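Inspection log for the structure reproduced underneath, given as C-alpha cells.
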Amino acid sequence: MPAVMIAQVAVEQTAIYFDKGYDYLVPPSMQETALPGCRVLVPFGRGNRKRQGIVLSVRQETALESIKPIAAVLDKAPLLSNELLSLGKWLREKTYCPQFDALKAMLPAGMSLRLVASYAIAPDVAPERMETLAPEERRIVQHLADSGAHVERERLLEIMGLSPESDLPEQLVKKGFLTRSDDSVRRIGDATVKMVRLALSDEETQALLEGKLTPKQREVVTLLSQAGGASVKEVCYFAACGVSVVNTLVRKGVLEFYANETYRAPVKERPAQDAGSIRLTDEQQKAFEQLLTQYQAGGGVSLLYGVTGSGKTQVFMRLADEVLKLGRAVLVMVPEISLTPQTLSLFYRRYGGQVAVIHSGLSLGERLDEWKRIKNGQAKVIVGTRSAVFAPCEDLGLIILDEEQEHTYKSESSPRFHARDVAKFRVKWHKALLLLSSATPSLESFYQASRGRYTLNRLETRYGDANLPAVSVIDMRLEPPGTGNALSGPLVEELQENLQAGRQSILLLNRRGYNTFASCRSCGEVVTCPNCSISMTYHTANGQMMCHYCGHMQPFTTKCSHCGEDQVRYSGFGTQRVEQELIDRLPGARILRLDTDTTMTRDSHERKLGSFAKGEYDIMIGTQMVAKGLDFENVTLVGIVSADQSLFSDDYRSYERAFALFTQVVGRSGRGKHAGRAVIQTYTPDHPVIALAARQDYDAFYKSEIASRKTMLYPPFCDLCLVGFVGREEEKVQAGAREFLHELKEVAQRDYPKLPLRVLGPAPAVVCKVAGKYRYRLLLKCRDTAEFRRFLMGLLVSFGKKRGFSEVTAYADMNPEGIL
DNA sequence: AGCACGCCGACT
DNA sequence: GTCGGCGTGCTC
C-alpha cells in the first residue's frame, strides 16, 4: 500500500456534538499548498456539499479506508500559525464551541468567504422531457441551456424575476435537469450603511408634499427634506415607520438609496513625533523596573494597580520601548476604542507607523489591511479591543490589558472567551509578560495577586497631587415627595453654582432609559414588549415605546391594554427624561446627552466629546460611558443620579461593578487646577459601598467583598458556569433544561463522584423571551478543571444527540459577565 | 445543523 | 401503482 497524505480539517457549520477533526486526502497537486492553517474547500456529508474548512494538521498514512479528497485550497499561505492553531484547540475545550468557530474568531472579518451555489444545465437533457415542465421551470432550464455556463443562484433568480428564496432550482436539480455546484466562493463585502435621500428637486418635493401622500410617507419626506440624507435605520426611527414606507417611496422614485462608508479610516500618515525619553516618577520607575525584571526572567502575569491619574500609561510606554528594542511585538488591549482616543493617539505619536489598530469601527477592508501588516511584521504595536487578543504576531513580548476589570473583555457570543484568559495562554507560549492594569481591579485578579499567582505593583500617588473630590451623599428619602423629579434640590443647586462659575458638570445615569418604563396608574400594568418579556422604554424623540432587546416600536398611548383605563403614564428617568428636567430647572444651560441613542454614527461620539472638551456645553449627561477614561480639566462637579440601581441589580458582582463605576465617576471630577465635588443620590445613604467609593478606598472594599464572596461561595472561590437552553416552545425548553439536569445528576454520581458541584435552577432567564425565543438556564457552581470540562462537554454532546430535544439548543458559558 | 435514505398515507 | 410526507441516522 502506498503512503498518502492525510489532512485533518476543522469543518464549518458543525455543532459541538459531532465536531471533530475530519480526515481528508490531500491530492498530489495540493501537497505543497494544503498546509496547517490554510483554508480549504471539502466535500461533506452524504450529498458531498462543499464546506469551508481549516487544515489543522497533515500526516502520512497508508491508505486503508475510502477517504474523500480536499476539493480546493483557498489560501496561498497559512493564515494561522502553530500557536494560533493550538490556541484554537484550547479555545474549543474551554468554551465548548466547534473547532472551526474557534479558529474563525482569530481571522479578520474581512477575510470571511461565503460559498455560493450556482446552477448549470445537466448533461443530456432530452428535449422532449422539457414538455413535462411548468412554464416557469422551462424558462429556467432554457436560460441555462442557452447560456451554457454556471450561473450563481442569486443572479439566476434575479434574471428570472423570482424571489431570492425560490425553491425551483433545487427542484430542477432533483428532477435531473440541472446540476448544482457549491464551489463558487465570494468574499463578503464591506458592510456599508444603507442610506436614503430625496431623488427629486426642491420644487418637486414641495409639490409632492402638497399632493397626496400617506401620513407616514409625508413624515419621511419632510424629515429628509430637512435632514438631507440619513441611514434607513435613522429615518425609520425618527419617522416612526417601518422600512416598507421607505421602500415604497424609493419604488415611486421619490427617494433613492445610496451606500455610505461611515467608518473612519485609521490614521494614514503615521510619523513618530515623540520618541524622546519618558520621565517617570519614583513610584512609576520602581514599577517599571520590577516589571522589566519579570519580563527578562521569562514573563508571566502581573497586576498594575494604579489609582486614577497615577500615570499607568507612562509605565506601559517605557515597557513597550524595551520590548520593541528586542524586536518583539506589543499588544495593547483597551475595553472600547472610542473611549480611549487619548491612549490611542499617545501610542500613534510615539510609535508612528509601527502601530496597527484593530476594532469594530474599522471597515472590513481596513481590518484586513491591519491584520496583514501585523502578520508580516510591519506593525509591532497593536492597539485594539477584545478580538485584537488574537493578533497574528509571530513574536509577542508584552500584552497590556488596560482597565482589566471591564466586562467588554468577555465575549458574550460563541466562542465565549475572556481576553484575559487568551492573553494568559499567549504569554505562556511566547514567554512574554501580561500586564493587567486597573484603578479598580477585578476581585479575581486582585485575589490572584494577593496569593502570589500574579505579581503586584502599585501606583498610589495621583498625578500632580490632585486632591480627591469632596463627595456628598444625598438621601433621596428627604426630597419632597410627589414632584417626580430625578434631581434633588442640593444637586440642582450645585449644578447652578457650577454653571455660574463657568465650570462643567457630568451626570451619570445607569442605563439609557432604564427606568423610563410606562405603567398604568390604575391597575399597575407595565407596558411590555410583545416579543420579549421586558418593559418597553419611552423615547421622547419620536414619541414611541421601544424594546431595547428586539427593537420593536409602538406609539405611546395613555389607554391601558390591560384594564382599559386612560391612566398609562411614563415614569422613572432615562437620559432623555433627565435632559428635559435639566432644561426646565436650569434654563440656559447647554446640555449634551451622550448615550447609545444619540450615538448612532460612530464618530459623532468623538465629535461630541471634543466639543464638550472645548467648553461648548455646560453639562454632560450620559450612561456608563461618561465614566471612562475621559479627562476634562474644567469638570468640577459630577453627579450620580441614582446609585441604587447599580447597587441592587441581581448579580453577585453588582457591588464590585458599582464600586468601580462610582470610583471612576468620582475620579472624573477635579482633574485640573480646581478642586472637584461629587454628588451621589441614593435611597440607601448608609450603604458601605457608597462610603468606600467616596473615599476611593479599594483595599477596604476588596477586604469586605472578598470575605463575602468566600462565605457565599462565589468567584474567585469557585467558577460559575451557565448552561443556557434556547428554543421556540417554552415547554420544550423547560423540559430540555430538566432533562439535562437529570442526566447531569446521574453522570456526576456515576462517573464523577468527586467533582465539586452545586446546581442552581433550572430557571427562566431574567429576560425569558427574546425575539420569539424562550430561554432557561442552569447555573453550576464548579471548578473549571479539565475534568469538569470533560464532564460538561459529555453532557452537551449527549444532549445534542437527543432526538426529542432537537428544537432546543444548549450552550455553556463559563463565568459569564451578565446573567441574562 | 443539513441532508439523504427509508417506510407509511393520499393520490393519478 | 407512485408521489411525497417527515422520522432516523450520519457527517472523514
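Chain letters run A, B, ... following the sequence lines, proteins first, then strands; residues in each count from 1. Keep in mind the model is a prediction, meaning the values are calculated, not measured. Hydrogens, waters and symmetry mates play no part in the numbers below; they use all other heavy atoms, side chains included.
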Can we say A:Glu807 and A:Arg728 salt-bridge, meaning some charged N sits less than 4.0 Å from an Asp/Glu carboxylate O? no
If we ignore hydrogens and angles and just use 3.5 Å, is the side chain of A:Ser414 paired with the main-chain N or O of A:Arg416 as donor and acceptor? no
Give a yes or no answer on whether the side chain of A:Arg426 reaches the backbone of A:Val389 with a donor-acceptor pair at less than 3.5 Å. yes
For A:Thr14, report the nucleic acid contact type (base, sugar-phosphate, nothing); a contact means any heavy atom under 4.0 Å. nothing
Using ring-ring contact (aromatic ring centres under 6.0 Å, His included) as the criterion, list what pairs up with A:Phe740, not counting sequence neighbours. A:Phe725, A:Phe799
Assess the pair A:Phe417 and A:Phe390: is the distance between their ring centroids shorter than 6.0 Å? yes
Roughly, in whole Å, what's the span from NZ in A:Lys802 to C1' in B:dA1? 18 Å
Atom CD of A:Glu12 and atom P of B:dG2: how far apart are they, to the nearest Å? 11 Å
Can you pull every protein N or O that's under 3.5 Å from an N or O on nucleotides 9-12 of chain C?
unit_1, atom_1, unit_2, atom_2, d
C:dG9, N7, A:Arg803, NH2, 2.3
C:dT11, O3', A:Gly45, N, 3.3
C:dC12, OP1, A:Tyr24, OH, 3.0
C:dC12, OP2, A:Gly45, N, 3.2
C:dC12, OP2, A:Lys68, NZ, 2.1
C:dC12, O3', A:Asp23, O, 2.4
C:dC12, O3', A:Lys68, N, 3.3
C:dC12, O2, A:Asp23, N, 3.1
C:dC12, N4, A:Lys20, NZ, 2.1

Could you go through nucleotides 2-5 of chain C and list every protein N or O atom that sits under 3.5 Å from one of its N or O atoms, giving the distance for each pair?
none

Rounded distance (Å) that lies between atom C1' of B:dG2 and atom NZ of A:Lys50: 16 Å
Just say parallel, tilted or perpendicular for the rings of A:Trp429 and A:Phe425, cut-offs at 30° and 60°. parallel
Any side-chain donor near an acceptor of the partner, A:Tyr776 and A:Glu730, under 3.5 Å: yes
Is there a donor-acceptor pair closer than 3.5 Å between any side-chain N or O of A:Ser798 and the backbone N or O of A:Gly794? no
